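Reminder, nothing fancy here: chain letters follow the sequence lines and each chain counts from 1. Just so it is clear, the model here is predicted, and its values are computed rather than measured.
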2 protein chains.
Amino acid sequence: MQAIEGPPGLRERKKRRTRDALIRSALELFSLKGYEGTTVDEIAAAADVSQRTFFRYFTNKEEVALSVQDMAESRFLAAVLERPAAESPLTALRTAVLASWDGIEEAIEAVVPLELHVRTYRMIQETPQLLAAHLRRQAELEDRLAAEIARREGLPAQDPRPRILVAAFSGVMRETSKLWADVAGGDMAELRGTTAAYLDQIGPALAENWRS
Amino acid sequence: MQAIEGPPGLRERKKRRTRDALIRSALELFSLKGYEGTTVDEIAAAADVSQRTFFRYFTNKEEVALSVQDMAESRFLAAVLERPAAESPLTALRTAVLASWDGIEEAIEAVVPLELHVRTYRMIQETPQLLAAHLRRQAELEDRLAAEIARREGLPAQDPRPRILVAAFSGVMRETSKLWADVAGGDMAELRGTTAAYLDQIGPALAENWRS
DNA sequence: GAGATTATGTCAGTCGCTGCCACTTGACCA
DNA sequence: TGGTCAAGTGGCAGCGACTGACATAATCTC
């Protein structure tokens with residue numbers, strides 16, 4: 001049972017610390033010896049827990065590598081859900097990404113150094129297994145986004161337009177994220193700029209008003 | 001050394017037979033006991049080879065599950081490369097998919113029963129690991145498509161428009177493929193219809209003429 | 001502080017996958 | 001035609017990811 005949110009007790013705080021320690025150890029080892037070159041045993045040892053415990057916090061090795069990225073995506077989804085229904089779908093998505101980036105650096109730094117996260121992001125793109133897992137999560141996110149947009153616009157589930165829009169939007173996001181990690185070296189201001197510029201390229205092209 | 005294509009000798013024919021047998025055995029077992037419920041040992045045994053040999057034909061268990069799907073994608077890519085440069089990007093993609101579907105049922109039947117392929121496709125969507133691998137391959141395909149379109153249109157590599165277009169196009173393809181497997185039960189005529197209809201939804205919306 | 005919960009460690013075992021080496025089989029040529 | 005070379009195959013040993021079962025230790029609750 002869960003009381004409606006008390007101050008977290010010792011147990012919860014300890015769990016959080018262990019989890020963060022596992023993430024930090026994992027990302028550091030990954031960036032040092034590569035993803036495949038790092039064993040779960042090593043990660044667990046570095047965080048001072050048993051291998052079995054690692055698998056109680058993360059269902060598999062991929063998950064720990066994607067955990068920070070995951071947080072960023074949760075923020076984005078949450079931001080989308082908060083957008084007023086009056087905004088057009090594309091505007092809502094655009095505003096939501098930008099909003100979800102406010103204070104994200106601090107949120108990341110609370111777990112791992114920002115630079116480590118950037119290196120991890122690059123590693124994800126280069127490691128087939130991780131890229132695959134990452135794309136699957138993205139696809140799940142796209143599903144939820146499309147469903148939310150269909151809901152907002154009052155469209156039946158079969159209407160393909162939300163999915164097409166979300167696909168185009170996600171395509172932009174994937175590109176700009178890659179540029180952010182590879183070219184910009186993790187600079188958020190530059191990411192905002194590139195994203196806005198790239199989104200402007202679909203804006204006019206996809207801006208059919210579905211309601212008129 | 002490879003002579004420029006002689007008639008395949010006994011050795012080649014035997015390899016082909018083994019490979020096809022492995023695919024058939026694998027897909028049948030998958031559809032019977034599920035992907036994770038099937039071991040590579042079982043697949044190898046069913047095809048009458050050793051486990052070691054299985055891994056000489058497929059780098060991993062995923063690959064055999066995606067092998068037929070892979071063939072379809074190769075056909076599509078080849079069809080795109082054959083499109084005349086005069087066609088607009090979206091038209092080229094559209095014509096290429098439809099063209100790549102001519103005779104595809106026969107090509108599939110040469111390896112496995114069509115119905116088994118449809119069931120496999122459904123399984124891919126439902127099995128996280130397979131979906132992930134599938135999406136990664138799709139992403140690779142998208143990269144190549146975008147590069148080809150950029151080349152055709154004489155655009156610099158940074159221009160995001162080819163990628164956005166390809167992302168939207170692929171979004172449509174993913175949707176219609178799912179419908180094909182789930183709703184249409186593998187009927188190609190229906191797939192063509194749905195695809196055309198869905199593509200019409202982005203056609204006008206994305207039909208900026210990049211050259212004018 | 002006793003007793004119920006929950007987190008952790010240990011251990012044994014399965015499965016995917018790889019390197020290594022010995023053996024067989026089809027290809028090619030004198 | 002027979003012999004040599006290259007390529008395909010099997011068996012085995014071993015690593016690493018992951019899981020179930022059980023015992024132990026740490027918090028929580030009253």
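Counting heavy atoms from C-beta outward, A:F55 and A:V40 have side chains that approach closer than 4.5 Å. With a 4.5 Å cut-off on side-chain heavy atoms, A:R163 and B:R174 do not count as touching.
Judged by distance alone, with hydrogens and angles left aside, the side-chain atoms of B:R94 form no donor-acceptor pair with the main-chain N or O of B:T195 at under 3.5 Å.
Per the geometry, CD belonging to B:Q129 stands 12 Å off C1' belonging to C:dC15, to the nearest Å. For the pair B:F30 CZ and C:dG16 C1', the interatomic distance rounds to 12 Å; values are reported in whole Å. Taking atom CZ of residue A:R52 and atom C1' of nucleotide C:dT8, one finds them 10 Å apart after rounding to whole Å. Protein atom OH of B:Y57 is 18 Å distant from nucleotide atom C1' of C:dC17, rounded to whole Å. Note: NZ (A:K14) to C1' (C:dG9) measures 14 Å, nearest angstrom. Distance CD (B:E12) to C1' (D:dA6): 13 Å, rounded to an integer number of Å. If you take CD of B:E36 and P of C:dG16, they are 10 Å apart, rounded to a whole angstrom. Following rounding to the nearest Å, A:E42 (CD) and D:dC18 (C1') show an atom-to-atom distance of 17 Å.
B:T39 has no side-chain polar atom (N or O) that falls below the 4.0 Å cut-off from OP1 or OP2 of C:dC15. The shortest distance between the side-chain N/O atoms of B:S50 and the OP1/OP2 oxygens of D:dG10 is below 4.0 Å.
Across the interface with DNA chain C, nearest-nucleotide mapping of B:K61 and A:V49 shows A:V49 to be the residue nearer the 5′ end.
Closest contact between the side chain of A:V40 and the listed nucleotides C:dT18, D:dT9, D:dA17 involves D:dA17.
Looking at A:R11, its side chain comes within 3.5 Å of the base of C:dT5 through a donor and an acceptor atom. Residue side chain B:R13 does not reach the base of C:dG26 through any donor-acceptor N/O pair under 3.5 Å, judged by distance alone.
Ring geometry, A:H117 versus A:W180: the interplanar angle falls from 30° to 60°, so the pair is classed tilted.
A pairwise comparison of heavy atoms in B:P89 and B:L165 identifies CB-CD2, 3.5 Å as the closest pair.
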